[in-house]
Structure formats: C-alpha cells, structure tokens
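To start, the structure under review is shown below, and the notes come after it.
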Amino acid sequence: MSVASFTSAATVDDALAALAAGARPVAGGTDLVVGARQGKAPLPERIVAIDRVAELSGISELDGALHLGALATHSEIATHPLVRERFTALADASAIVGSRATRAHGTIGGNLMNASPAMETGGPLQCLDASVMLQSSRGSRWVPVAELFGGPGATTAQPDELLVAVDVPAPAEGTASAYVRLEYRRQMEIAVVGATAAVTLAGGAVSAARVAITALAPTIRRVPEAEAALESSDGGEAAVAAAAAAAAAASAPISDVRASEGYRRAMAEVIARRAIEAALARGRGELVPIPASSGGTG
Amino acid sequence: MKVAATLTVNGMAYPVELDPGTSLLVAVREHVGLTGSKEGCDDSECGACMMLLDGKPVNACSYLALQAEGREVVTVEGLSAGRELSPLQAAFLQHGGVQCGFCTPGMLVSATALLADNPSPSEDDVRIALAGNLCRCTGYDGIVKAVLSVAR
C-alpha cells in the first residue's frame, strides 16, 4: 500500500488547503481503510486526517434544530437525548451501524460521503429534511441530503469540498419518525432492505408524511407516491398498506451477496410498512424502543 | 515515504517510522513488537485486532497508525498488572471463555471497554458490546458468563 503523504489537519482551513492540493480526508477510517482492505479502492495517494479538527465535532441544538458536526460519531448520535426524542429515526439508524467499535469511530460525515445506497442514516436524514454544508477553499454551500447522493458510492460534492456539518430543522409539532432495516443479524450488518418514515399527526390525521427507501435503488431516495398515500389519511391500515405498496413499487433493487432482487422487492413492502407503523405508533405516544447500541453509556 | 511518529501503547512511548498507509495493528505488532492483538479478517469484521483508542474500542486493522499519534492505545498486553491477570482475564480462564485463543485478546479488550463504561451490564449489554468480536470455538456462552462474573 503506497500512500505518498499524510498530514493531520488542526483546523478546517488546514483540511481545505490539503483537499485543494489533492488530498482525500479520513476521519474514523471505518469506510476508507476498510474499503482499501477489501480491495474496493486503494488508499488515496495523499491523505489528510481530519479527526482532530475541533470545529467539526459535536452535536448541538438551536431553537429545536439539530446541528451535527461532520465528526459526530454514531455512538454520540444514537445516545444524544435530543436526537432520540425528536429525530428518532436517526437514532434508530446510528444505533445499528456496524459494531460498537464502528459506532465509536465512524462519523456522520464519512457515512454520508461514502454514499452507500445501503447506509443507515441517509433515509432518516432525507425524511427529516436535513442539509449538509460542503466547504472548500472557494467557499461553502448547503446541499439537501437528497441531492448529495449521485449514485452508488458517488456524491455530487466536488473533490475539494469537505462535508463540515449536517443541519436538521426542528420537526413540526406532532412529528415522529422511525428507521427499520431487514437484517440477518443485529450487529456488523448492512441493510438488506431499509425504510424510513416520518409522520406529522394533527388531530388524529396525518398532516405530513415522508417515506424513504434504503438498499432498494441506486441511491437512498424518498417515495412521493408513498407520502401522498399517507398525507391527509387517518394513518389507518388501508393508508399504510397503500403507502407500503407504493414504496415497493418505487424500488429498483439489485441482486447481490446479501439478497436477490426479487427478495428485496418482496421485502420492500414489509419493511416500509413496519417503518410507517413504527413512526405512527411513536406519533400516538406508544413506545417503540430505539435499538440498544452500546451495552454501556456511549 | 516513511513518517516518524511516536505511538503511546499501554502507557509507553514507542518511536516508529511508518509508511502512512500502515494500520495501527501492523504498527503495534511489527514495529512496536506487541503481538497479542491478532489479525483475523483484516477488514473490521472479526474484532481479533481490537484495541482501545482513548478508551474506545477500535478495529486496529482498519485504523491508520499515524492517526493514533498523541492518543492512548491499549492492547491486551496492557490489561494485566505485570504477570498478574486482571479479574476479567482470570474469569475467562475460569468460565471456559478461551479455547483456541485467537479471538481472546480482542474479546478481552472489548469487554474491558464495556466494563469501564458500564460496570453492571446485563447479558444483553454484554452480547451487544461483544457483537463485533467473532469466536469460532466457544459458542460465546463461556465468554459472556466470564464477563458477567466480574460485573458489579
């Protein structure tokens, strides 16, 4: 493995200068280094480590909105009280990424920029209307998460742009959400099929809905037809079934080592239904536990 | 290109010269000379290489050694007090938590991290914390019992 240069950035400006000079960033290494070990892509020739950039760490709240530094880890996200209470689908997702070691070091920035169509957090972030800030030495811009994904493993970011933050607006009053994945085991798993739902309940009716599918299309994407089936409905069995069927109809899965295309298509409806039901149940005040993530406190 | 760095492993500072692509596992095994941590899958699936990095478990096979500079690395060799086993290590022997032994260093490190974080884990807590560590011999029961036996 020949990496020609390695620098460790102390500030965002350091990191951006390195990216402008052609380096690629590494934070927790849980995708970049693993990908190299698996032969997906060799390590970049020039690497800039961003894990010590203090400006990029931390989770904060401003008027009910959530701000995630690019270095926020899955452990930090899954255990954060505000995330668990108001952005629950995101907590569901981060809680089941990889193993405890993956969650301790894997970051939200790396997770998004790796752009796997099977990654856990992309559906929740899309359904919660999140945007990312991409910064380069040329300036910065906000990009909705839905527009960040360009294809399997590809983003719409320029090579000199660094994802520095993820902002999630305060959900409307009465909003609840859930992420569910089909898995063969709980830990060290990659979604076979995943689905996210976010619903806003007002006076017993669904006033707004978001549904996204994971590992069912070249990128994680929302399904407007499923959302339309839920919106203005009572959130009852018929509306849920119609929405789940719409999510399955929007699926364009592949066959790979984890599942065949046909199996994924068949399970899309089941998993979408479970996600929608879980979001509705949470919206009605029922307890749908977030998966346990650590065995400890972090 | 080699880069000079200092790795702090089990409280000792080790000067090393590394290719920047070197994993923490290779650096610790081949440059520092502590071979307790094992290479199993070499892509973060099996946990045989588990170390603590500033107290948190890390798959050392998939972590760049140079990123560990200035951080505290703990390996299985750092768990005992000289030749005296830690209570957790002794419990692994007592409860049949060791058969071939290849997964044991990683299991001990992951369990040590769990107990530092949560001294009173439930069986579920233990199984979640150890889920990134594969064992092909024991069926896990002896390992889980060993960890629970030293829980408070």
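Model, not experiment: these values are computed from the prediction. Just so it is clear, the values below take in all heavy atoms, side chains as well, and ignore hydrogens, waters and symmetry mates. Letters A, B, ... mirror the listed sequences (proteins, then strands); counts begin at 1.
Nearest heavy-atom pair across A:Gly28 and B:Tyr63 is O-CD1, 3.5 Å. Taking all atoms of both residues into account, the shortest heavy-atom contact from A:Ala104 to B:Pro57 is CB-O, 4.1 Å.
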Can I get a per-line list of side-chain donor-acceptor pairs under 3.5 Å for residues 40-48 of chain B, giving both atom names and the distance, sequence neighbours left out?
from    : atom 1 : to      : atom 2 : distance (Å)
B:Asp42 : OD1    : A:Arg37 : NE     : 3.4
B:Asp43 : OD2    : A:Gln38 : NE2    : 3.0
B:Ser44 : OG     : B:Ser62 : OG     : 2.9

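The CD1 atom of A:Ile96 lies 12.0 Å from the CD1 atom of B:Ile128; values are rounded to the nearest 0.5 Å.
Between the side chain of A:Arg100 and the main chain of B:Lys56, no donor-acceptor pair closer than 3.5 Å is present.
Heavy-atom pairs under 4.5 Å with chain A were tallied for B:Arg127, B:Met1, B:Gln67; the largest tally goes to B:Gln67. Each of A:Thr30, A:Val33, A:Leu32 has some count of heavy-atom pairs under 4.5 Å with chain B, and the biggest count is that of A:Val33. Most heavy-atom pairs under 4.5 Å with chain B, from the set A:His105, A:Met188, A:Gln187: that is A:His105. Per-residue counts of heavy-atom pairs under 4.5 Å with chain A were compared for B:Asn59, B:Leu53, B:Leu66; the largest is that of B:Leu66.
With a 4.5 angstrom heavy-atom cutoff, B:Ala113 touches chain A via backbone and side-chain atoms both. No part of A:Arg186 comes within reach of chain B, as not one of its non-hydrogen atoms sits under 4.5 angstrom from that chain. For chain A, the nearby part of B:Arg71 is the side chain; its heavy atoms alone come within less than 4.5 Å. Contacts between B:Ser23 and chain A at a heavy-atom distance below 4.5 Å involve backbone atoms as well as side-chain atoms. Contacts between B:Val3 and chain A at a heavy-atom distance below 4.5 Å are absent for every atom of the residue.
A heavy-atom distance below 4.5 Å is not found between the side chains of A:Val3 and B:Leu64.
Within a 6.0 Å sphere centred on CD of A:Glu61, heavy atoms belonging to other residues, nucleotides or ligands number more than 12.
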